[in-house]
Amino acid sequence: MKNVVSYLQIVIRAWLTTKKSVTKKFNAIKAQESAFDRAAILIQSHVRGWFGRRVAQRHRSLIIVIQSHCRGWSIRRKLLLQREAAIRIQSAFRCMRCWRMFISNRNAATEIQRFVRGCNTRKWLLGASYLRADLTLSYIHYNLPDCSQNLELKIFLRAVLKLQRWWRGALLLKSTTKSSVVIQSHIRGWIARQGALRKTHHIVKIQSRCRGWLTRRRLSLQRGSVIRIQSAFRCMKCKKVFLTYRHAATEIQRFIRGCITRKWILDCYLSLELRIFLRATLKLQRWWRGVLLLKSRTKSAAIIQCHIRGWIAGRGDIRERHHAVVIQSHCRGWLTRRRFSLQRGAVIRIQSAFRCMKCQKLFLSYRHAATKIQRFVRGHIDRKWLLGASYLPADLPVDYIRNDLPDCSQDLELTMLLQAVLKLQRWWRGVLVVKSRTKAAVVIQSHVRGWIARRAVVRERHRIVVIQSYWKGFLARKESRGQLQELCLRVQKSAANVDDDMRIINRLVSALSELLSMKSVSGILHICATLDMATEHSQKCCETLVAAGAVDTLLKLIRSVSRSIPDQEVLKHALYTLRNLARYPHLSEVLIDSRGSVQTILWELLRNKEEGYFIASELLKRICLDKKGIEAVHNLPALVKRLHNLVEELARKTGNEKRNARGVAKEQTERRLREAIKLLNLITDG
């Protein structure tokens with residue numbers, strides 16, 4: 001028991017000593033961590049407050065923009081409805097006025113025609129009453145009707161008068177009935193329009209309430225989602241803090257237990273020197289672990305902060321992009337509605353103008369007809385008044401003719417009067433013709449001047465648009481100049497830091513060296529496509545590849561391909577690469593000097609019928625632009641002769657296809673014939 005008590009006392013004293021030292025270190029670390037935590041909490045609270053205020057301000061500005069757009073849209077819609085109603089009322093009123101004018105003119109023309117016809121009928125019926133009272137008895141005895149005839153005439157006239165009265169009453173009843181029907185239809189249409197306007201107003205109110213409810217619901221949903229995200233983030237943060245504290249407590253307990261165990265071992269079994277050495281080692285280990293823990297915490301805090309900042313920035317960008325898209329959609333919708341309303345108003349104006357013009361033309365035609373009828377009637381009456389003696393019967397007595405007909409002097413005055421009337425008519429007709437020509441010339445000149453003015457306005461507008469586009473491009477280039485310089489510097493830095501083996505030229509050279517030894521068709525096709533793209537955009541790549549022996553390698557590859565579809569794709573990219581190399585004169589000479597290059601390309605031209613034919617033709621054209629290329633082609637007479645035969649065969653086939661009227665095959669054959677003729681002219685004529 002004594003040994004046990006002494007051992008327990010030693011253990012408790014060691015534990016108390018270790019606890020004091022550990023508590024001191026833990027308090028120092030905790031004080032440091034608490035200072036960092038307080039600073040982090042303060043910064044986070046300020047950041048959250050600023051972020052919340054910014055989000056609230058954005059939401060408020062967006063709500064204000066949406067409300068302003070909705071109010072503007074509702075006001076514009078009301079104005080459009082009122083404008084359309086006013087246009088309809090004006091067009092209906094104008095049509096009613098034109099119709100009334102047309103009806104009144106037609107009624108006037110009808111009245112004039114009725115009066116003229118009645119006058120002619122009455123003259124025909126009562127022709128005997130127009131005879132002179134001083135005619136001889138023999139004329140009256142032979143020409144006037146008897147008493148029975150006078151009685152029949154009176155009865156006939158009374159029947160005619162009764163018929164006229166009945167017809168006038170029927171016309172009056174019909175006109176009153178028609179006018180009442182028109183008034184009733186207009187009143188019913190006004191009542192229906194009022195009801196439609198009320199319904200439209202109620203519908204607009206319901207739609208505005210529904211849109212407001214939907215907007216409030218969307219905002220509440222967004223607010224709830226934001227609250228949920230914030231609560232989840234806070235829970236995650238609290239959980240992380242709890243886990244860190246629990247891990248720290250576990251570590252402290254582990255250190256204390258290890259310290260107690262080691263102290264017990266040292267007190268029991270080890271010497272003093274070994275104890276000092278182990279204590280120094282333990283101190284070093286504890287210090288190093290503290291340094292590593294501080295580094296890991298600093299690094300983890302930096303990583304967490306950078307991720308959170310990136311997430312916040314990305315979220316802000318997404319929100320701004322979404323808001324921009326919403327604003328753009330609203331603006332486009334407003335512009336579309338405005339364009340549609342303008343087009344609709346223009347169509348309504350054109351229709352109303354066309355209807356007014358139609359009614360005016362109809363009114364003018366009726367007025368012209370009435371004027372013509374009046375002119376003919378007045379002319380007929382004046383001629384009858386002037387030439388009344390010529391309407392006398394031919395069997396009048398000699399005494400009546402001697403006493404009542406005008407003499408020669410009166411005939412001369414009548415002739416002079418008629419000539420003067422004819423001269424006046426001719427002069428008036430000439431004046432009317434001059435007026436009509438002047439008016440027509442003025443109208444034509446006004447239309448031509450308007451067309452010239454509109455054309456000048458269109459030209460000025462186009463010039464203004466071009467100037468604005470150039471100015472906007474200059475401003476955009478000026479604003480992006482700094483970004484371009486930064487990008488150039490970044491590209492130069494990255495190019496300077498890149499390994500030489502990873503540069504595209506060195507990679508192309510290494511891929512070219514492995515091209516003939518590669519057995520995979522997909523790999524060969526990928527390398528050829530890469531060579532095609534690189535040589536198409538860079539002269540330096542072309543020169544480097546030619547120096548690395550790309551011409552001989554590509555020619556060997558062309559000779560080794562078969563007629564399968566993948567090999568034909570490889571052949572096409574190889575020919576494209578040679579065509580890109582032949583664009584430069586010094587590289588074209590290298591291609592011509594290569595052994596069998598012209599023969600291989602000409603052979604591919606003769607045996608290929610697809611796209612490779614046109615690529616080989618273009619490559620041969622570029623080769624034949626040099627004298628060495630023409631001489632190299634002339635050194636192959638057998639292939640040149642086969643080219644002549646190909647031209648003849650294509651010409652014969654084109655003639656046959658023209659007679660058979662084929663579509664796609666005919667165009668392909670004609671294109672091949674044109675390419676072959678051009679190449680043959682280059683070879684023969686230089």
Side-chain angles (χ1 to χ4, degrees), residues 80-122 163-194 196-197 343-382 424-425 428-447 450:
L80 285 174
L81 290 173
Q82 292 176 1
R83 187 178 179 184
E84 289 176 0
I87 289 169
R88 290 197 188 103
I89 292 167
Q90 289 176 359
S91 62
F93 184 71
R94 286 170 186 158
C95 292
M96 184 181 70
R97 283 185 63 187
C98 294
W99 180 253
R100 283 182 179 177
M101 196 178 293
F102 160 68
I103 292 296
S104 62
N105 290 327
R106 189 175 66 181
N107 291 334
T110 306
E111 287 289 329
I112 292 168
Q113 292 175 358
R114 187 169 61 81
F115 277 114
V116 170
R117 287 169 185 159
C119 179
N120 290 331
T121 306
R122 283 192 295 275
L163 284 171
Q164 287 178 353
R165 289 170 188 165
W166 174 80
W167 181 247
R168 286 170 187 157
L171 289 177
L172 182 61
L173 181 62
K174 189 176 180 181
S175 64
T176 54
T177 307
K178 189 174 181 181
S179 62
S180 64
V181 169
V182 171
I183 291 167
Q184 289 175 1
S185 65
H186 280 289
I187 291 171
R188 286 170 187 157
W190 179 77
I191 292 169
R193 284 192 295 274
Q194 289 291 327
L197 286 174
Q343 290 177 358
R344 187 178 179 184
V347 169
I348 290 169
R349 292 192 198 97
I350 292 167
Q351 288 177 354
S352 62
F354 183 73
R355 287 168 186 158
C356 292
M357 184 183 68
K358 195 174 179 182
C359 295
Q360 190 177 6
K361 285 178 77 175
L362 194 61
F363 162 70
L364 290 175
S365 64
Y366 279 113
R367 190 174 68 178
H368 184 67
T371 308
K372 285 280 183 182
I373 292 167
Q374 290 175 0
R375 186 169 61 82
F376 278 114
V377 170
R378 288 169 184 161
H380 179 68
I381 292 170
D382 292 337
L424 282 172
Q425 288 179 351
W428 183 246
R429 286 170 187 161
V431 170
L432 292 177
V433 170
V434 171
K435 280 187 177 180
S436 64
R437 287 180 180 176
T438 306
K439 189 175 180 181
V442 169
V443 171
I444 292 168
Q445 288 175 359
S446 65
H447 281 288

Hey, could you give me the [atom1]/[atom2] distance between [X] and [Y], rounded to the nearest 0.5 Å?
X: Q82; Y: I89; atom1: CD; atom2: CD1; answer: 10.5 Å
X: L432; Y: K439; atom1: CG; atom2: NZ; answer: 12.0 Å
X: R94; Y: Q360; atom1: CZ; atom2: CD; answer: 12.0 Å
X: C98; Y: K361; atom1: SG; atom2: NZ; answer: 14.0 Å
X: F363; Y: S104; atom1: CZ; atom2: OG; answer: 7.0 Å
X: R367; Y: Q374; atom1: CZ; atom2: CD; answer: 11.5 Å

Discussion item. Looking at R97, I want to see if its CZ is surrounded by more than 12 non-hydrogen atoms of other residues, nucleotides or ligands under 6.0 Å.
Written reply: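 No.
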
Discussion item. Surrounding CZ of R375 (heavy atoms of other residues, nucleotides or ligands, distance under 6.0 Å), is the total greater than 12?
Written reply: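 Check passes, neighbour count above 12.
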
Worksheet item: How about H368 and L364: do any of their side-chain heavy atoms sit closer than 4.5 Å?
Response: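 The answer is no; the side chains never approach within 4.5 Å.
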
Fill in: F376 side chain near H380 side chain, heavy-atom distance below 4.5 Å
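Side chain of F376 against side chain of H380, heavy atoms only: no contact under 4.5 Å found.
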
Worksheet item: Between K435 and V431, is a side chain to side chain contact (heavy atoms under 4.5 Å, CB included) present by the stated rule, with each step listed?
Response: CA-CA 6 Å; K435 280 187 177 180; V431 170; 4.1 Å; yes

